[in-house]
Protein chains: 2
Amino acid sequence: MSHTVGVRQAQKQKTRQALLDAALGLLAEQSLSSLGLREVTRVVGIAPTAFYRHFRDLGELGVALVEEALGSLHSMVRAILAEQAAAEERIDRTVAVVERHVREHPAHVRFVARERHGGVRAVRQAIAGELERFGAEVADALRTQPVSRGWSDDDVRMLADLYVDRLVTTAAAILDAEDAGSPEGERERAVRVARWQLRLISIGRQHWKDEESGERP
Amino acid sequence: MSHTVGVRQAQKQKTRQALLDAALGLLAEQSLSSLGLREVTRVVGIAPTAFYRHFRDLGELGVALVEEALGSLHSMVRAILAEQAAAEERIDRTVAVVERHVREHPAHVRFVARERHGGVRAVRQAIAGELERFGAEVADALRTQPVSRGWSDDDVRMLADLYVDRLVTTAAAILDAEDAGSPEGERERAVRVARWQLRLISIGRQHWKDEESGERP
DNA sequence: CCACTCGGAGGACAGTTGTTCACTGACTTC
DNA sequence: GAAGTCAGTGAACAACTGTCCTCCGAGTGG
């Protein structure tokens with residue numbers, strides 16, 4: 001009675017996911033370009049050759065990991081952008097979401113931070129592309145805010161990219177602070193710094209127009 | 001007449017440098033954790049075992065590369081911090097220096113960006129430590145500026161860290177824009193974005209105090 | 001000039017790697 | 001229920017890895 005749509009295909013995606021999970025786990029202490037195909041299959045418990053049924057090579061697996069890793073964060077930030085709130089509260093909420101994301105998906109965060117400038121071109125490009133879409137989305141959201149009145153599309157986009165970059169950097173910083181020396185102190189400091197820096201950028205944003213009209217006499 | 005102080009030791013440091021250079025070259029298209037010891041010695045033209053005369057393992061070589069890579073940038077930025085200039089001009093000069101640094105030491109920049117979150121713990125820590133010293137130095141310089149009047153040491157430090165982070169990110173962005181698609185366009189855009197973002201931070205910095213005194217009634 | 005230091009050579013070791021090929025057998029489709 | 005698909009198997013391949021060991025010979029210090 002349970003032949004809904006493909007017992008076979010279901011099993012395939014199951015081991016495919018197992019491959020992704022195993023790789024992600026192994027990538028906690030090495031980078032993708034040093035990861036071995038056999039190493040991954042060994043953890044999953046399948047023959048090395050079975051790997052090819054799912055991915056052409058490890059680069060392709062890496063790209064799949066990028067989508068998985070950035071996909072979850074994407075939906076989270078989308079939620080923040082939707083709500084209208086005061087600048088100060090928005091910042092707190094944003095950092096809180098990032099903090100939660102790091103706690104729930106530490107491996108994903110580490111993967112993105114590590115492979116963003118890593119040794120595998122295809123993965124780098126996948127991350128860059130995803131972050132670009134990300135930036136465009138943030139820019140759209142920023143444009144609707146009153147503060148952006150009179151801003152050029154280009155200026156809004158540069159601001160959006162700055163925000164996106166801070167998000168990624170912040171997440172990586174929180175993660176680093178976790179498995180480092182002091183257990184609670186470093187992490188809390190990272191969060192504090194992130195909030196402070198976002199606040200500074202927000203203030204700069206609010207006073208941007210005064211400056212621009214005043215600097216050309 | 002040329003037995004100044006050690007023909008032998010001179011030769012040793014020469015091959016040591018050759019090892020560093022060879023590794024740096026190979027690291028253009030892979031990450032440190034996937035780099036092979038034999039791979040490096042093959043490029044230099046020495047026996048694999050000779051490697052051990054200079055480094056215990058590749059991690060140690062990586063740490064040496066960190067010092068070499070960050071050392072050059074360090075002295076450059078120190079020069080910028082020394083000179084007193086208007087905010088706008090200072091930003092232009094800073095970005096110009098970064099741009100020049102990327103052009104002259106692309107491999108070093110790529111190495112730092114790649115291994116900052118890379119798979120080798122010792123190297124990560126070396127970079128983190130170096131950037132921390134870096135941040136402290138920038139903080140010292142910022143403290144002497146009139147704009148920082150009334151700022152706590154902690155606030156100045158967070159600002160300094162933000163600046164340092166932007167420098168590294170900017171350098172990496174310029175580098176990425178170079179060997180990507182469009183030859184001149186992308187690079188110039190990266191520079192423009194960097195300047196814009198620094199300007200925004202600078203404005204936020206100037207209006208920081210107003211905001212702080214106004215938000216608590 | 002002689003004893004010594006020490007950067008480097010070269011062989012050999014056991015492991016590991018990615019990829020190939022023909023194969024099996026449970027699921028799917030008609 | 002027969003024919004076909006296809007995820008996973010297992011042996012075999014050449015190529016490579018890091019490290020150990022012994023040896024060499026040019027520079028060094030007395």
Side-chain angles (χ1 to χ4, degrees), chain A residues 1-23 25-27 29-65 115 118-123, chain B residues 1-23 25-27 29-65 115 118-123:
Chain A
M1 298 310 179
S2 61
H3 68 102
T4 38
V5 269
V7 175
R8 191 162 218 159
Q9 210 159 20
Q11 176 60 25
K12 177 168 184 179
Q13 273 195 326
K14 207 169 160 186
T15 59
R16 184 193 138 101
Q17 189 58 45
L19 283 169
L20 289 171
D21 293 347
L26 290 166
L27 285 173
E29 302 189 33
Q30 66 190 296
S31 47
L32 184 58
S33 69
S34 76
L35 186 64
L37 176 155
R38 299 179 98 106
E39 209 173 340
V40 179
T41 57
R42 197 180 305 132
V43 173
V44 176
I46 62 175
T49 54
F51 179 89
Y52 296 107
R53 303 288 179 196
H54 303 272
F55 306 100
R56 196 177 306 276
D57 52 26
L58 278 165
E60 202 171 290
L61 181 145
V63 172
L65 271 181
E115 302 302 331
V120 182
R121 165 159 311 211
V123 173
Chain B
M1 299 308 179
S2 62
H3 68 102
T4 38
V5 268
V7 175
R8 192 164 217 160
Q9 208 158 21
Q11 176 62 24
K12 177 168 185 179
Q13 273 194 327
K14 207 169 159 186
T15 59
R16 185 192 139 101
Q17 189 58 45
L19 283 169
L20 289 171
D21 293 347
L26 290 166
L27 285 173
E29 303 187 35
Q30 66 190 297
S31 47
L32 184 59
S33 70
S34 76
L35 186 64
L37 176 155
R38 299 179 97 106
E39 209 174 341
V40 179
T41 56
R42 197 180 307 131
V43 173
V44 176
I46 63 174
T49 54
F51 179 89
Y52 296 107
R53 303 287 180 195
H54 302 273
F55 306 100
R56 195 177 308 274
D57 52 25
L58 279 166
E60 203 172 289
L61 180 143
V63 173
L65 271 180
E115 302 303 330
V120 183
R121 163 159 311 207
V123 173

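Sequence lines set the chain letters: A, B, ... in the order given, protein chains first and strands last, and positions in each chain run from 1. FYI, side chains are in, hydrogens and waters are out, and symmetry mates aren't considered; it's all heavy atoms of this structure.
Among the nucleotides D/dT17, D/dG18, D/dT9, the one closest to the side chain of B/L58 is D/dG18. Minimum atom distance to the side chain of B/E39 is reached by D/dT17, of the listed D/dA7, D/dT17, D/dT28. Of the listed nucleotides (D/dG8, C/dG18, C/dA9), D/dG8 has the atom at the smallest distance from the side chain of A/Q11.
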Show each protein N/O and nucleotides 1-5 of chain D N/O combination with a separation under 3.5 Å, one pair to a line.
from	atom 1	to	atom 2	distance (Å)
D/dT5	O2	A/R8	NH1	2.8

Report task. List the steps and the verdict of side-chain contact (heavy atoms from CB on, under 4.5 Å) for A/K12 and A/H54. Result -> CA-CA 8 Å; A/K12 177 168 184 179; A/H54 303 272; 3.6 Å; yes

Query raised in the report: Can B/L58 and B/F51 be said to form a side-chain contact (heavy atoms from CB on, under 4.5 Å), step by step?
Result: CA-CA 9 Å; B/L58 279 166; B/F51 179 89; 4.0 Å; yes

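The separation between A/E60 atom CD and C/dG18 atom C1' is 16 Å, rounded to whole Å. Across the protein-nucleic acid pair, A/Q9 atom CD and D/dG8 atom C1' stand 16 Å apart, rounded to whole Å. One can place CZ of B/R38 at 12 Å from C1' of D/dC20, the figure rounded to the nearest angstrom.
OP1 or OP2 of C/dG8 sits under 4.0 Å from a side-chain N or O of B/T15. Between A/R42 and C/dT17 there is a side-chain N or O to OP1 or OP2 distance below 4.0 Å.
Partners of B/E39 according to the salt bridge (charged side-chain N to carboxylate O under 4.0 Å, His left out) rule, which considers only residues two or more places apart in sequence or in another chain, do not exist here.
More than 12 non-hydrogen atoms from other residues, nucleotides or ligands lie less than 6.0 angstrom from CD of A/Q17. The local environment of CD in A/Q11 is crowded, with over 12 non-hydrogen atoms from other residues, nucleotides or ligands closer than 6.0 Å. Summarising the local packing, CD of B/E29 is surrounded by 12 or fewer heavy atoms from other residues, nucleotides or ligands at distances under 6.0 Å.
Listed by residue number, the members of residues 48-57 of chain B with any heavy atom below 4.0 angstrom from DNA chain D are B/T49, B/Y52.
Between the CG atom in B/L65 and the CG atom in B/D21 there is a gap of 8.5 Å [rounded to 0.5 Å].
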